[in-house]
Novice: 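Structure in C-alpha cells, see below.
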Amino acid sequence: MLKTLKQHIAEARDNHVAIGHFNISDLSALKAIFGAAKDLGVPVIIGVSEGERDFIGVKRAVALVRNLREEYDYPIFINADHTYSFEKIKEAVAAGFDSVIFDGAKLPFEENVRQTKKVVQYVKSKVRGSKSEVLVEGELGYIGSSSKLLDVIPEGAVTSGEALTKPEEAKRFVAETGVHLLAPAVGNLHGMLKNAPNPRLNIPRIKAISEAVKIPLVLHGGSGISDNDFMEAAQNGTSIIHINTEIRIAWREALESALNNNKDEIAPYKILAAAEGAVKAATLSRLKLFSGLQ
Ligand code: G3H
Ligand code: ZN
C-alpha cells in the first residue's frame with residue numbers, strides 16, 4: 001500500500017532531504033513534473049494556487065493527480081497552495097486535496113493565529129475517522145505573493161535581519177494553531193529578481209526555528225535559491241521545497257521558441273511537447289538536488 005503524504009514528509013525529515021513541490025496550470029506541466037519524479041523514483045507534490053486551481057477546475061485538479069497516483073501506484077500528492085479564505089479551504093477539503101495551506105502571512109500575528117487555528121480545527125473535524133488525513137500548513141512571515149519576475153523586492157516582504165520569522169514566535173504559532181507544517185520567512189522570496197540574485201537563506205535561523213517548533217518546515221519561494229542553500233535548508237529541518245517561477249520561465253521560453261521555429265505548426269500537442277520537455281528538465285534538476293541524488 002502507498003505511504004501517506006505525512007509518512008513521506010516524516011521520512012524526508014529523518015533523511016535530511018526535501019520533497020519537491022511544483023505548481024501547475026495545465027496538463028503538460030503535470031505530465032512533465034510527474035515524468036521527472038517517476039524517472040528518479042521520488043515522491044512529489046503538485047501545487048495549485050487559488051488562481052491555478054480555478055483555471056484547471058478545483059475538482060478536476062484533484063482528479064488528474066489521483067488518476068496518476070492510482071494508475072501508476074505512485075506517491076504523487078496535491079496541495080491547495082496559498083489559500084487566503086476559509087471558504088476556499090472548505091472547497092479544497094471537499095474536493096479531496098491531500099494538504100491545504102492557509103496563508104495568513106500578511107495578517108497581524110494574533111489574527112493569523114486565530115484564523116489558522118479555525119482552519120486546523122475545521123480540517124481535523126472533517127477528516128476525523130476517515131483513513132486519509134489532510135495536512136494543514138501555516139505561514140508566518142510575508143515573502144511576497146507572486147511567482148513572477150520582479151523589478152524590486154515586494155513591499156512589506158521580509159528577506160533579512162530581525163524581521164525574519166523568530167523561533168519563539170514560530171513555536172507559539174505552532175502550539176496555538178496545531179498546524180502540521182510551517183512555512184517561515186528565512187531569506188526566501190516568492191518570484192525572482194530580474195536584475196539581481198535573490199537573497200541568501202538564513203540557515204542558522206532555519207535550524208533554530210526547526211528546533212523550536214519540532215514539526216517539518218516548508219520553504220516557499222524556491223526559485224533563484226543556490227544549490228548549497230537548498231542542501232543546507234534540507235539538512236536543517238526543511239522537508240518540502242516549493243518551486244514555481246523557474247518552471248514558468250522554462251515553459252514560456254520553450255513555448256516561444258517552439259512557436260517561432262515552427263511557424264506553420266498548428267497542432268497544440270506538438271507545440272506543447274517542447275514546453276513539457278523544458279518543464280521536465282527544470283523539475284528533474286531540482287528534484288535531484290532536493291532528494292540528495294546529485
Ligand atoms: O507556493 C509557491 C512557491 O512558493 C513558489 O515560489 O515562484 O519563487 O519558486 P517561486
Ligand atoms: Zn509559496
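Both counts, for ligands and for their atoms, begin at 1 and track the order of listing. These figures come from a predicted structure and were not determined experimentally.
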Novice: Show which atoms of ligand 1 fall inside a sub-4.0 Å distance from at least one heavy-atom site of His82.
Specialist: 1 (O)

Novice: May I ask you to identify, for Asn23, whether its side chain, its backbone, both or neither come under 4.0 Å of ligand 1 on a heavy-atom basis?
Specialist: side chain

Novice: Using a strict 4.0 Å threshold on nitrogen-to-oxygen distance, state whether Glu256 and Arg252 make a salt bridge.
Specialist: yes

Novice: Any side-chain to backbone donor/acceptor pair from Asp98 onto Ile78? Under 3.5 Å, distance only.
Specialist: yes

Novice: Please verify whether a non-hydrogen atom of Asn188 lies at under 4.0 Å from ligand 1.
Specialist: no

Novice: Just need the protein heavy atom nearest to atom 9 (O) of ligand 1, so name the residue and atom and give the distance.
Specialist: Ser223 OG, 2.5 Å

Novice: Atoms of ligand 1 less than 4.0 Å from Ile243 heavy atoms?
Specialist: 9 (O)

Novice: Under 4.0 Å from a heavy atom of Thr245: give me the atoms of ligand 1 that qualify, with their elements.
Specialist: 7 (O), 8 (O), 9 (O), 10 (P)

Novice: Below 3.5 angstrom, do we get any N/O pair linking Glu246 and ligand 1?
Specialist: no

Novice: Consider only side-chain N and O atoms of Asn228 and Glu232, and report whether a donor and an acceptor are under 3.5 Å apart.
Specialist: yes

Novice: Would you say the side-chain atoms of Ser99 and Asn79 include a donor-acceptor pair closer than 3.5 Å?
Specialist: yes

Novice: Show which atoms of ligand 1 fall inside a sub-4.0 Å distance from at least one heavy-atom site of Ser147.
Specialist: 5 (C), 6 (O), 7 (O), 10 (P)

Novice: Gly191: heavy atom below 4.0 Å from ligand 1, yes or no?
Specialist: yes

Novice: For ligand 1, which atoms sit closer than 4.0 Å to a heavy atom of Asn244?
Specialist: 5 (C), 7 (O), 9 (O), 10 (P)

Novice: Below 6.0 angstrom between ring centroids: does that apply to Tyr72 and Phe34?
Specialist: yes

Novice: Any atoms of ligand 1 less than 4.0 Å from a non-hydrogen atom of His220? List them with their elements.
Specialist: 1 (O), 4 (O)

Novice: Would you say His21 and ligand 1 have an N/O pair spaced under 3.5 Å apart?
Specialist: no

Novice: Determine whether the side chain, the backbone, both or neither of Arg248 has a heavy atom under 4.0 Å from any heavy atom of ligand 1.
Specialist: neither

Novice: Look at the side chain of Arg248 and the backbone N and O of Ser147, then say whether any donor-acceptor pair between them is shorter than 3.5 Å.
Specialist: yes

Novice: Under a 4.0 angstrom heavy-atom cut-off, which atoms of ligand 1 come close to Leu189?
Specialist: 8 (O)

Novice: With no hydrogens and no angle check, is any side-chain donor or acceptor of Thr177 less than 3.5 Å from a backbone partner on Lys117?
Specialist: no

Novice: At their closest point, which heavy atom of Val42 faces which heavy atom of Tyr74, and how far apart are they?
Specialist: O-OH, 2.7 Å

Novice: Please find the N/O/S atom of His220 nearest to the Zn ion (ligand 2) and write down its name.
Specialist: ND1

Novice: Closest to the Zn ion (ligand 2), which N/O/S atom of His82 is it?
Specialist: NE2

Novice: Tell me if a side-chain donor or acceptor on Thr165 pairs with a main-chain N or O of Pro184 at a distance below 3.5 Å.
Specialist: no

Novice: Indicate whether any N or O donor in one side chain lies under 3.5 Å from an N or O acceptor in the other, for Gln7 and Glu11.
Specialist: no

Novice: Specify the closest pair of heavy atoms between Ala250 and Ala282, including all atoms of both residues, with the distance to one decimal.
Specialist: CB-CB, 4.2 Å

Novice: Going by distance alone, is a donor N or O of one side chain under 3.5 Å from an acceptor N or O of the other, for His190 and His82?
Specialist: yes

Novice: With a 4.0 Å heavy-atom cut-off (strictly under), which part of Asp81 contacts ligand 1: side chain, backbone, both or neither?
Specialist: side chain

Novice: May I ask you to identify the nearest protein heavy atom to atom 3 (C) of ligand 1, giving residue, atom name and distance to one decimal place in Å?
Specialist: His242 CB, 3.4 Å

Novice: Looking at the Zn ion (ligand 2), is one of the N, O or S atoms of His242 less than 2.8 Å from it?
Specialist: no

